[in-house]
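Chain identifiers are assigned alphabetically (A, B, ...) following the order of the sequence lines, protein sequences preceding nucleic acid strands; residue numbering begins at 1 within each chain. Just so it is clear, the values below take in all heavy atoms, side chains as well, and ignore hydrogens, waters and symmetry mates. Note that the structure is predicted; figures quoted are calculated from it, not measured.
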Amino acid sequence: MDFMTLLQVLDSTVRLATPLLLACLAGLFSERSGVVDIGLEGKMLAAAFASAAIAAVSGSVWLGLLAGIVSASLMSALHGLASITFRGNQLISGVAINFLASGLTVLIAQSWFGQGGRTPSLMGGGRFESITLPFANALRDVPVLGPIYAELISGHSILVYVAFLMVPLSWWVLFRTRFGLRLRAVGESPEAVDTAGISVVGLRFAAIGICGLLCGLAGAYLATGLQAGFVREMTAGRGYIALAALIFAKWRPVYALWACLLFGLLQAVALRYQNIDLGGITIPVQVMDALPYILTVIILAGFVGKAIPPRASGEPYVKER
Amino acid sequence: MTDTAPAIELKGISKSFGPVQANKDIAMRVMPGTIHGIIGENGAGKSTLMSILYGFYKADRGEIFIGGKEARITDSQSAIAAGIGMVFQHFKLVQNFTVLENIILGAEDGPMLRPSLARARGVLKQLSDEYELSVDPDQLIENLSVGHQQRVEILKALYRQADILILDEPTGVLTPAEADHLFRILDNLRSEGKTIILITHKLREIMEITDTVSVMRRGQMTATVKTAETSPGELAELMVGRKVLLQVDKSPAKVGAPILQIENLRHVDSHGVERLRGVSLEVRAGEVLGIAGVAGNGQSELLEVLGGYADATGSVTVNGKPLPLTGTGADGAARRKTGIAHVPEDRQTEGLIMPYTAWENTVFGYHREPEFQSGMLMDNAKIREQAQDKMTRYDVRPPDPSLPAKAFSGGNQQKIVLAREIERDPDVLLIGQPTRGVDIGAIEFIHKEIIRLRDTGKAILLVSVELDEIFALSDRIAVMFDGQVMGERMPNETDQTELGLLMAGVTERPGGDPIKAVDAALEQKEQREASQHD
């Protein structure tokens, strides 16, 4: 494998890791506050559709992004209403959101655009253009570092940079601010937060609000950055992979970055090397495509050491005397 | 005292939950700089009253005055603002946060943590020195002993500038040495002018530390007296509404041959931590062997191994016959067949199936016995009949076998378990925390039953964290600490202080500060557990 191929694989890793990373951080905020969110998938899907549809109709990707964030946030609010306000089962609420998104997106897409559940392909202002960082072209010829800068670091859409900047930002919010302290506390011991005179419900809604926002970004990136338009089930399990990455990352932002890059790399490798020839034995493309999912199963089966979730996650808070 | 306003004054507080009147027209005055005890049976309404004071519940009627001014306490926030701090029975701490983070949670100075933490560190140091409340500010809560966690709770309240401190059953989880230390802290707080409300069911503590005491019964405040002018007997009578025997009447034990012999018993839990480290004990016919110890030092595991639901190595014999400690044959049913009856520590999860009826619960574990069968089916009519009979004889109230177990009070649930286990005429009775969460009236009954059983020549192994209970019932006392038996004593040749030190792992009376020796032993225990934990 030559250097340029490596760079291209890594470049594609970054692109593919971006939606995972955004979704993973979304899940991180939600679960750190004690709300298990298996509905990341559905929220991303809804956001992907809303952003693609609005971008296609308006011709503005920014309006599309806004629509994506709004739709994912609405789904988050639904999840919050069911599982925080009415103390329903968080898993069931999340699964319901996934079904809802899966059905509604195709239904609305079909009746709106009549293209078999997809949106029209996005062109021009309907997509996020890649950004060429300053001096990228000028430095291209510098050995080693030049191509890394020009190929790998430069040339992504704005949402990719946003996603990666979200990692240190999330860390800072969680571990350096009052809000973060309270958020982590409410996921560990809501009764401690309650007796300290802070609203458990308010904190959890704030957390799932952030979760909705980030899912909105993730979905919008899928439909308007990574691809050009919405197709049915385009999230393809990324929400679940993000959850696996979250466990792998032990609910920590920086680890989440590495976990998502690992999954992104597997997806990139699968895309690039469709059939691998290993001394006469050909590994079929299906095996390569399945790799991220196989890794997900391995991680969820607990082969990566002990991952202790926030203690109160999954438990609706009921005040007792 | 007429010129100072009371720190707390309650007038006509009433609170109902549906048809249940938890608090009825409660009036109470607590003067500043005093310790006021509130004593009463379970369900007497103590916790409800304190929850109203801390803003968890809103009273239906009544007024609260803090320092002479009417206070509207609608939530915890307003209670904190009124200068009230509460130390709950179950601590409200975030386990994987540091002490400092727990202290500032909800009382931060601004949106950034760093300045809040820095200020808290200073205040904490000052408070620690002032009130003997030393605790490492950077330690994670989960690494602290229970006593230290309680200090953090007190510090939390003081950091919020509480003038009134409410403690709910604070000594339930402490070693006697830790409890003594707590009382010293409370004494210091009192001399600094803080007002303290101590909720407890232990008469001894009330007598030891409080200035005044209120007794609650069935939602009402039946009396408020000066501690110096009352006696434990009078308080118990006020609590229950009739005369209560605080001492168990028992004749000297007629000890027979050894029945239960335990040699070098070892048990490793699911995390790889060794919970029993070579326990050897012997219980003879006609005696009660009391196992004293703070919860979490291997007593529970000892009961589980003997009861047949935890694996172990070593040897256990009953009447000379060895019991299998692993694999088939090491289960509850097999144990019951060999004549071991077990009243587990936690009756709600191990002793009873809460949603099932009382009559079903009276045969669990013995439901395969031929006498309860009718062909392939269970003889439900017969089971109901014997359940009715047991419930009448054991004074279970209400004596209705068709009610689910969860509909009974703690004491009556325990009587159902006792009836089931004792009536099968076992050779050995394992009994854990027989009176935890049980009212004084029922305690009297349960203690009498245990002694009656002893007098019929059974071998009884009693595990209890209540030292008073150990002293009242045991013919011999073994003390467990960190998975080992620290020593055996005869009840008339020892005292609470000696047992207290043994319970904290200190085998010799130290010349220096006992608290230091206790802390050192506890630290050693925690290090061992942490190093084995996988």
* To do: Under the side chain to side chain contact (heavy atoms under 4.5 Å, CB included) rule, what do A:R311 and B:Q95 come out as? Steps first, then yes or no, please.
  => CA-CA 9 Å; A:R311 276 188 189 75; B:Q95 289 290 319; 3.6 Å; yes
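- Side-chain contact between A:R184 and B:F97: present, with at least one pair of heavy atoms (C-beta onward) separated by less than 4.5 Å.
- Between A:G197 and B:I80, the shortest heavy-atom contact is N-CD1, 4.4 Å.
- Both the backbone and the side chain of B:N96 come within contact range of chain A, judged by heavy atoms closer than 4.5 Å.
- Taking every heavy atom of both residues into account, A:T195 and B:F88 meet most closely at CG2-CE1, 3.4 Å.
- Chosen from B:D168, B:V94, B:D75, the residue pairing most often with chain A at heavy-atom distances under 4.5 Å is B:V94.
- Contacts with chain B (heavy atom to heavy atom, under 4.5 Å) involve no residue of residues 32-42 of chain A.
- In this structure A:E315 satisfies the side chain to side chain donor-acceptor pair (under 3.5 Å) test with no other residue, sequence neighbours excluded.
- Of all heavy-atom pairs spanning A:I198 and B:G106, the tightest one is CD1-CA, 3.4 Å.
- Atom CD of B:Q161 has 12 or fewer heavy atoms from other residues, nucleotides or ligands within 6.0 Å.
- The shortest distance between side-chain heavy atoms of A:R182 and B:E108 falls below 4.5 Å.
- In this structure, B:K92 and A:V193 have side chains that are not in contact, with every pair of non-hydrogen atoms separated by 4.5 Å or more.
- Identified by a heavy-atom distance below 4.5 Å to chain B, contributing residues of residues 252-266 of chain A are lacking entirely.
- Within residues 166-179 of chain A, the residues having any heavy atom under 4.5 Å from a heavy atom of chain B are, by residue number, A:W172, A:F175, A:R176, A:T177, A:R178.
- Interface remark: B:F91 contributes no atoms to any contact with chain A (heavy atom separation under 4.5 Å).
- Among B:G110, B:S116, B:G55, the residue making the largest number of heavy-atom pairs under 4.5 Å with chain A is B:G110.
- At a 4.5 Å heavy-atom cutoff, the contact between B:L105 and chain A is made by backbone and side-chain atoms alike.
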